[in-house]
Structures are given as C-alpha cells and as structure tokens.
Amino acid sequence: MDIWEQLYQAAKPLYHPEAVNEFIYAHNVVCALQSKSGQIFTGFCIEGLSGTLNLCAERVALLNMYTTSGETEVQRLIAFRDAPPTGISGMPCGVCRETLLQFSPNNRHTQIMADYATRRTVILDDLLPDWWGDIKTN
Ligand SMILES: [Zn+2]
C-alpha cells in the first residue's frame, strides 16, 4: 500500500454526508494529509447555512494537524467527495491554498493528489504562483 492509498484509506470512512442539524452539514468532502514528520491527519468539511462557518476538509485536516501536533508543514494531501480510485480528486479552494502557505511557506512543496488512478499530483506552488507572502519570506 503506497502512501496515497494510506491517505485514501484514512479519509474514506469520514465520507458520509449528513446534516448535523438544520443549520450545519458535514462530511461531504474529506481530506487526509501527511505532515512533515510523517503522521497522517484527517478532516471533513463543515458547512453552515450562514455562509461564514464554511470549513473545507483540507483546512479542517490542517487545523487537526496543528492543534494535535503543533506541526505546520504538509508533505502531501488528498481530498475527495466519493470514490477517487475511479475519478479525479479535488483541488483545494483558494482559501485553503492561502491557509496552507500562511501556516508555512514551505508548503509550496506540498504534493496534492490530482488523479488518484494515475497518481498524478501537482504541487501547491503550481496552484498559487507568485504568492504575495514571498515578499516577506524572501
Ligand atoms: Zn477550501
């Protein structure tokens, strides 16, 4: 089992879309990531009707990593909403891309699964080139 399958298997049980109550929906998208130290952390999306509560699976996994371990660097991540072995994995939204880079500019090297079947990946730097924070970090 390669690391991508380990990540997929870690996140898969979290995929079970449900309404927490009449305001909150969760588990529609799931994510697993591998931190710099090699640990695996997971997350699922939590969305509220107000529109201000929306937390993507990627950010929940990142916050899970940070609050649990204090780590800020992510080696790789996968996010999906149903069955990645036969489909394309999800790309992080703009907020998640920005959040990953603000937690650590080294996350520009984070590998993101683009196509689980072929193991095609992209790196965050390709999704968010010329990041504004480079002015401060360079
Ligand atoms: Zn997002």
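Atoms considered below: every heavy atom in the structure, side chains included; atoms not considered: hydrogens, waters and symmetry mates. Ligands are counted one by one from 1 in listed order, and the atoms in each one are counted from 1 as well.
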For the residue pair Q34 and W4, confirm or rule out a side-chain donor-acceptor distance under 3.5 Å.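 No donor-acceptor contact under 3.5 Å links the two side chains.
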
Decide whether V122 and L101 are clustered together by the hydrophobic rule: side chain heavy atoms of Ile, Leu, Val, Met, Phe, Trp, Tyr closer than 4.5 Å, transitively.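 Yes; L101 is reachable from V122 via cluster members.
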
Compute the ring centroids of Y15 and F80, then answer whether they are less than 6.0 Å apart.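 Distance test on ring centres: not under 6.0 Å, no.
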
For the residue pair F44 and H27, does the interplanar ring angle fall in the parallel (under 30°), tilted (30 to 60°) or perpendicular (over 60°) class?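 Plane angle under 30°, so parallel.
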
Tell me whether the rings of F103 and Y66 are parallel (<30°), tilted (30 to 60°) or perpendicular (>60°).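 The rings of F103 and Y66 stand perpendicular, inter-plane angle above 60°.
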
2.8 Å cut-off (strict), protein N, O or S atoms about the Zn ion (ligand 1):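 That number is 3, waters not included.
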
N21 atom CG: more than 12 heavy-atom contacts under 6.0 Å: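 For N21, atom CG is crowded (more than 12 foreign heavy atoms under 6.0 Å).
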
